[in-house]
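The structure appears below as structure tokens.
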Amino acid sequence: MTDSVTIRTAQRDDVAAIAAMFAQDTLGGHGDSDDPADLPDYLAAFDRIAASPNDSLFVAIRDGEVVGTFQTTLITSLTGKGSLSLTIEAVHTRSDMRGHGIGQAMINHAIEQGRASGVRLVQLMSNATRHDAHRFYQRLGFSQSHLGFKMKLR
């Protein structure tokens with residue numbers, strides 16, 4: 001089914017659909033909203049991402065609709081002799097489209113972006129409660145190798 005999915009760089013016109021997907025996420029706990037009054041906040045974030053040379057925001061399109069999204073960040077580190085890593089963030093497939101290969105198409109696209117950029121490592125984090133997502137990432141070849149920590153500042 002992934003034949004009908006196209007992955008492309010997100011555009012400003014996609015932001016409302018992306019926010020609506022995030023708003024449906026009951027596990028994430030990010031406080032996202034599809035209220036039009038909140039759209040300026042999402043657009044401001046989109047503009048910051050679009051202006052960054054190291055960040056990319058993508059959407060998965062099927063039948064002309066946004067059905068998935070993810071963001072990537074290139075990170076240069078002194079470890080690994082100055083290696084480059086790719087972090088995949090905010091992977092989300094629209095709830096009614098899960099199980100159709102969209103997530104796999106998005107992750108494969110991110111991995112190919114990493115290869116093309118010469119990265120040493122592709123990494124991602126997943127909410128500890130998302131057991132289905134963990135199995136999905138492991139099926140794609142990711143291994144759970146580190147323990148993550150977070151501190152909310154606001």
(message) For Ser52, is there any backbone N or O sitting under 3.5 Å from a side-chain donor or acceptor partner on Asp55?
(response) no

(message) Would you say that Asp47 contacts Arg12 through its side chain, given a criterion of any heavy-atom pair below 4.5 Å between the two side chains?
(response) yes

(request) Determine, for Arg98 against Asp132, whether the closest basic-nitrogen to carboxylate-oxygen distance falls under 4.0 angstrom. (result) no

(message) For a 4.5 angstrom cut-off between non-hydrogen side-chain atoms, does Phe136 reach Ile107?
(response) yes

(request) Check Arg120 against Gly80 and note the closest heavy-atom contact, atom names and distance. (result) NE-CA, 4.4 Å

(message) What I want to check is whether the side chains of Ser145 and Ser143 have a donor and an acceptor closer together than 3.5 Å.
(response) no

(message) Contact between Arg94 and Glu65 at the side-chain level, heavy atoms closer than 4.5 Å - yes or no?
(response) yes

(message) Are Thr87 and Ile75 packed together at the side-chain level, in the sense that at least one heavy-atom pair is separated by less than 4.5 angstrom?
(response) yes

(message) Centroid separation under 6.0 Å, is that true for the rings of Phe58 and His109?
(response) yes

(message) Are the side chains of Val91 and Met106 in contact, using a 4.5 Å heavy-atom criterion?
(response) yes

(request) Identify the heavy atoms of Val5 and Ala60 that sit nearest to each other, and give their distance. (result) CG1-CB, 4.0 Å

(request) Give the intermediate values and the outcome of side chain to side chain contact (heavy atoms under 4.5 Å, CB included) for residues Gln138 and Gln144. (result) CA-CA 8 Å; Gln138 289 170 341; Gln144 190 175 2; 4.2 Å; yes

(message) Can you tell me which residue among Thr72, Asn108, Ile88 is in a side chain to side chain contact (heavy atoms under 4.5 Å, CB included) with Gln113?
(response) Thr72

(request) Would you please say whether a donor-acceptor pair under 3.5 Å links the side chains of Thr69 and His92? (result) no

(request) Please go through Met151's hydrophobic cluster and name the other residues, only I, L, V, M, F, W, Y counting, with side-chain heavy atoms under 4.5 Å joining them. (result) Leu153

(request) Please tell me if the side chains of Lys150 and Met125 come closer than 4.5 Å, counting only heavy atoms from C-beta onward. (result) yes

(message) Rounded to the nearest 0.5 Å, what separates atom OH in Tyr137 from atom CZ in Arg130?
(response) 8.5 Å

(request) Show which residues join Leu121 in its hydrophobic cluster (side-chain heavy-atom contacts under 4.5 Å, direct or indirect), or state none. (result) none

(request) Indicate yes or no: at least one non-hydrogen side-chain atom of Thr73 is less than 4.5 angstrom from one of Leu86. (result) no

(request) Would you mind listing the cluster partners of Val66? Hydrophobic ones only (ILVMFWY), side-chain contacts under 4.5 Å, chaining allowed. (result) Val15, Ile18, Met21, Phe22, Leu39, Tyr42, Leu43, Phe46, Ile49, Leu57, Val59, Ile61

(request) Could you tell me whether the side chain of Met97 reaches within less than 4.5 Å of the side chain of Arg62, counting heavy atoms only? (result) yes

(request) Could you walk me through whether Leu74 and Ser85 pass side chain to side chain contact (heavy atoms under 4.5 Å, CB included), step by step? (result) CA-CA 6 Å; Leu74 289 168; Ser85 299; over 6 Å; no

